[in-house]
There are 2 protein chains.
Amino acid sequence: MSERTNRRELIVDAAAALFKEQGYTATSIRQIADQVGCTEAALYYHFKDGKRALLQAVLEDHAPSLMAILQGCEAAESLHELIICIGKNLSRAVNKENLDNFRWILAEFPRMSAEERAAVHSKHLEFEQLLAVQVERFVEDSALARKIAWTMVCAGFGFGQLFFNLEMDKLVDFTPKDLTEVMAMALPAVINMC
Amino acid sequence: MSERTNRRELIVDAAAALFKEQGYTATSIRQIADQVGCTEAALYYHFKDGKRALLQAVLEDHAPSLMAILQGCEAAESLHELIICIGKNLSRAVNKENLDNFRWILAEFPRMSAEERAAVHSKHLEFEQLLAVQVERFVEDSALARKIAWTMVCAGFGFGQLFFNLEMDKLVDFTPKDLTEVMAMALPAVINMC
DNA sequence: GTCTATAGTAAGATAGAC
DNA sequence: GTCTATCTTACTATAGAC
């Protein structure tokens, strides 16, 4: 992990935190400057195009990290084991930092430029392709493997949004472990059916 | 469907549209007034507590409608048929209106009051309970039935967010039909395992 | 109920001194 | 590089006439 101690980086980090907490439009240049301990003018020195340039820097530096989900999954020896492994990682990945990232990107997406959207897309595609590679080890039909991979991604993503960002975990007893168990029991059955 | 032609209702509808398009903080009272064709002062006559009161009115009147997802599902005669039925409804429910609603609620949730959050929660719980009733027709273990129901909800929700709101549908060929197929093949297998 | 007019505040952005 | 000072614009909200 880099140190990020020079002013430009401090500005990006402060902006990222505020954008994710309050949203892009709700956050003012002044607020970011206060947080960093400098003036608005100093901020405009580092980001000549103002707030929009700051948003782009945040999108580049603070994209949600998905790769941790796949850690250690190469060791799995069946689709069932693979899902259990991903489930364990998911429990760790479902945390404030990561899910605030997702919620924020989802919220700002409609107002992003084509380039900004493309950056978001490539991050997700990259992850799904790595996941698909793992699934393909156990599913010969590669089209089916990709469908299974995307189903897993949808379920995991939906779980994070509903139970963490919408705080359904406070009302309903349904954990990442439960989701994983259902998926681990269910998905391997698909292989034998085709 | 009610007519919603009096000024107060026109204001709420205009506010809802703008909030969902731009976000709450990014939308100004002035913009809403312009859209309706009145002045800001008129708006403050109807909503004495200003912008925040408007937000609450929008949350009450424009909650996303989930019930359409369950339409006709009482006719299903197996878990497989139930999932197929829901999948068909899902294809119709995955539209701009509905998903903009979800994205917006997700985005504003952290800034909602306790009462506002409770309103969001009860909508979701209500839906899940009706879904669980349907699933329980085919799954004796009611704890397992609820896990299956929530897994379906997570997958459906995640699909809507990823493929519609994040526009992954423009890059990846994975349709509501694909998701439904995988779930319909996979989930019934869980029953035989317990 | 709806208007005009305006108060008071905060926003994004820049010029120029150091 | 960072500051002070300032411009312009937009915002929420209210008072008072009609």
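Note that these values count all heavy atoms, side chains included, but never hydrogens, waters or copies made by symmetry. By convention in this document, chain letters (A, B, ...) are assigned in the order of the sequence lines, proteins followed by strands, and residues within each chain are numbered from 1.
Nucleotide D:dT12 holds its P atom 12 Å from the CG atom of B:Asp34, rounded to whole Å. As rounded to whole Å, 12 Å separates atom C1' of D:dT12 from atom CD1 of B:Ile32. For the pair B:Phe47 CZ and D:dT14 C1', the computed distance is 18 Å after rounding to whole Å. Going from atom OH of A:Tyr44 over to atom P of D:dT6 covers 19 Å, rounded to whole Å.
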Residues 23-36 of chain B, side-chain donor-acceptor partners within the protein, below 3.5 Å, at least two apart:
unit_1	atom_1	unit_2	atom_2	d
B:Tyr24	OH	B:Arg52	N	3.4
B:Thr27	OG1	B:Leu18	O	3.3
B:Thr27	OG1	B:Gln22	OE1	3.1
B:Thr27	OG1	B:Gly23	O	2.8
B:Ser28	OG	B:Gln31	N	3.1
B:Arg30	NE	B:Glu40	OE1	3.4
B:Arg30	NE	B:Glu40	OE2	3.4
B:Gln31	OE1	B:Ser28	N	3.3
B:Gln31	NE2	B:Gln22	OE1	3.3

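Contacts of A:Thr39 with the nucleic acid, taken as non-hydrogen atoms under 4.0 Å apart, include base atoms. Here B:Arg30 lies in heavy-atom contact (under 4.0 Å) with a base. Here B:Thr25 lies out of heavy-atom contact (under 4.0 Å) with every strand.
Considering CG of B:Asn101 and NE2 of B:His62, their distance stands at 8.5 Å, rounded to 0.5 Å. In this structure, B:Asp49 CG and B:Tyr44 OH are separated by 10.0 Å, a value rounded to the nearest 0.5 Å.
There is no path of hydrophobic side-chain contacts, each under 4.5 Å, that joins A:Leu90 to A:Ile84.
Chain A approaches DNA chain C within less than 4.0 angstrom (heavy atoms of the protein), and the contacting nucleotides run 5' to 3' from C:dA11 to C:dA15.
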